[in-house]
Q: 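Take a look at the following structure, please.
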Amino acid sequence: MRIDVVSIFPDYLAPLELSLVGKARREGILDLQVHDLRAWTTDRHRTVDDTPFGGGAGMVMRPDVWGTALDHLLEPSTSSAAPGATTLLIPTPSGAPLTQQDAEELAGRERLIIACGRYEGIDARVAEHYAQRPEVTVREFSLGDYVLNGGEVAALVLVEAVARLLPGVVGNPASLVEESHSTAPGGGLLEYPVYTKPATWRGLAAPDVLLSGHHGKVARWRRDQALRRTAQRRPDLIAGLDQATLDEADRAVLTESGWSGGRHGAVGETTGEGGGPP
Ligand code: JD8
């Protein structure tokens, strides 16, 4: 996979030289290129912004500079990606929240370009223009409902969330299946709590079942913890679960957590006020 990140603060992406992503780059699994947007300015002040049409505070990033940069990166000479195999990702607080499903879909793409905005954002015509270009798909995404100063943090998150799904990046691919938010069958729950040595720490003991060596009981305990945690912390995920993935034991845990099979036997119905355990 090839990923290009464009920013006026390219050093912000330096952490992507570290850890698993850095290793994936050195091993050639991931071709990640970071670019300074100012490289495509034409004036002596290397201007990338101007005052907002319609007035208001702050500055807006110019479409023409972004156009020159993105046109260059989309030129066939710049990347071997097949036409149409490129996704242009634009982080913005007004975007759709990024999900694990998005990360899994993007991990199957040949090429990503991430346009990191600053100031009040990028002129809206950039996304509009490239959405009309057949060789690229445009996706505006957000990290979540809080405001950052720019798109670089979102680019760091996206690159890590996608790169770790590439074959050969994470040592044990099986671990990817069990993770929170995994879209794999049986997934969609938050992770169970994890423990390691010492067995007792500051008066707190690791759960006996985990030291029992009884794999069946360990698996059941972990499933119960994941169901209970999800019901308590992310009831929206329980509502989104495929019922067919729940067995009687699962239902019992959900009922005990305040979720009942209800009239319709539908997951997501609660017996308590306010939807979910006290
Ligand atoms: C891109 C400029 C700053 C945003 C005026 C503060 C994502 N979840 C998220 N929160 N914030 C962003 C984000 C913020 C950005 C840019 C993404 C480009 N800013 C602007 C509008 C209000 N300043 C984000 N993904």
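Side chains included, hydrogens not; waters and symmetry mates left out as well; all remaining heavy atoms used. The model shown is predicted, which means the values in this text are computed figures rather than measured ones. Ligands are counted one by one from 1 in listed order, and the atoms in each one are counted from 1 as well.
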Q: Do me a favour and list the nearest non-hydrogen protein atom to atom 13 (C) of ligand 1 with residue, atom name and distance?
A: Pro93 CD, 3.4 Å
Q: When clusters are formed from ILVMFWY side-chain contacts under 4.5 Å, directly or step by step, what else is grouped with Val60?
A: none
Q: Do Arg118 and ligand 1 have an N or O pair less than 3.5 Å apart?
A: no
Q: Answer side chain, backbone, both or neither: which part of Ser142 comes under 4.0 Å from ligand 1, heavy atoms only.
A: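 It is both backbone and side chain that touch ligand 1.
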Q: Does any N or O in the side chain of Ser19 come within less than 3.5 Å of the main-chain N or O of Val21, such that one atom is a donor and the other an acceptor?
A: no
Q: Among protein heavy atoms, which sits nearest to atom 1 (C) of ligand 1, and what does the distance come to when rounded to 0.1 Å?
A: Pro91 O, 3.2 Å
Q: Could you walk me through whether Leu106 and Leu158 pass the side-chain contact (heavy atoms from CB on, under 4.5 Å) test, one step at a time?
A: CA-CA 9 Å; Leu106 292 168; Leu158 182 80; 3.8 Å; yes
Q: Could you tell me which atoms of ligand 1, counted from 1 in the order shown, lie closer than 4.0 angstrom to a heavy atom of Val147?
A: 6 (C), 10 (N), 11 (N)
Q: Quick one: nearest non-hydrogen protein atom to atom 2 (C) of ligand 1, plus distance?
A: Tyr119 O, 3.4 Å
Q: Give the contacting part of Asn149 toward ligand 1: side chain, backbone, both or neither, where contact means a heavy-atom distance below 4.0 Å.
A: backbone
Q: Is Tyr130 reaching over with its side chain to a backbone N or O of Gly67, donor-acceptor style, under 3.5 angstrom?
A: yes
Q: Would Gly95 count as a contact of ligand 1 if the rule is a heavy atom under 4.0 Å away?
A: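 Distance cut 4.0 Å: Gly95 fails for ligand 1.
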Q: Relative to the heavy atoms of Ala154, which atoms of ligand 1 are at a distance of less than 4.0 Å?
A: 25 (N)
Q: As an exercise, identify every atom of ligand 1 less than 4.0 angstrom from a heavy atom of Phe141.
A: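 Atoms satisfying the 4.0 Å criterion: 25 (N).
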Q: Does an N or O anywhere in Gly144 fall below 3.5 Å from an N or O of ligand 1?
A: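 Yes, at least one N or O pair falls under 3.5 Å.
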Q: Please could you name the atoms of ligand 1 that Tyr146 approaches to less than 4.0 Å, counting only its heavy atoms?
A: 8 (N), 9 (C), 10 (N), 11 (N)
Q: Would you mind running through ligand 1 and noting each atom that sits below 4.0 Å from a heavy atom of Glu120?
A: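 Within the 4.0 Å cut-off of Glu120, ligand 1 contributes 5 (C).
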Q: With a 6.0 Å cut-off (strictly less than), is the heavy-atom count around OH of Tyr119, excluding the residue itself, greater than 12?
A: yes
Q: Is a side-chain donor or acceptor of Arg38 paired with a backbone partner of Arg46 at a separation under 3.5 angstrom?
A: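 Yes, the answer is positive, given that a donor and an acceptor are paired below the 3.5 Å cut-off.
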Q: Salt bridge (charged side-chain N to carboxylate O under 4.0 Å, His left out) for Arg109 and Glu105? Distances and angles first, verdict last.
A: CA-CA 7 Å; Arg109 313 264 2 211; Glu105 284 168 14; over 6 Å; no
Q: Return the residue, atom name and 0.1 Å-rounded distance of the protein heavy atom closest to atom 6 (C) of ligand 1.
A: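 The answer is Leu148 O, 3.4 Å.
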Q: Any salt bridge linking Asp224 with Arg220? Criterion: basic side-chain nitrogen under 4.0 Å from a carboxylate oxygen.
A: yes
Q: Based purely on interatomic distance, does Leu143 place a nitrogen or oxygen under 3.5 Å from a nitrogen or oxygen of ligand 1?
A: yes
Q: Supply the members, apart from Leu204, of the Ile/Leu/Val/Met/Phe/Trp/Tyr cluster built from side-chain contacts under 4.5 Å; use none for a lone residue.
A: Trp201
Q: I'd like to check Arg111 versus Thr87 (side-chain heavy atoms, cut-off strictly below 4.5 Å). Are they in contact?
A: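 They are not in side-chain contact.
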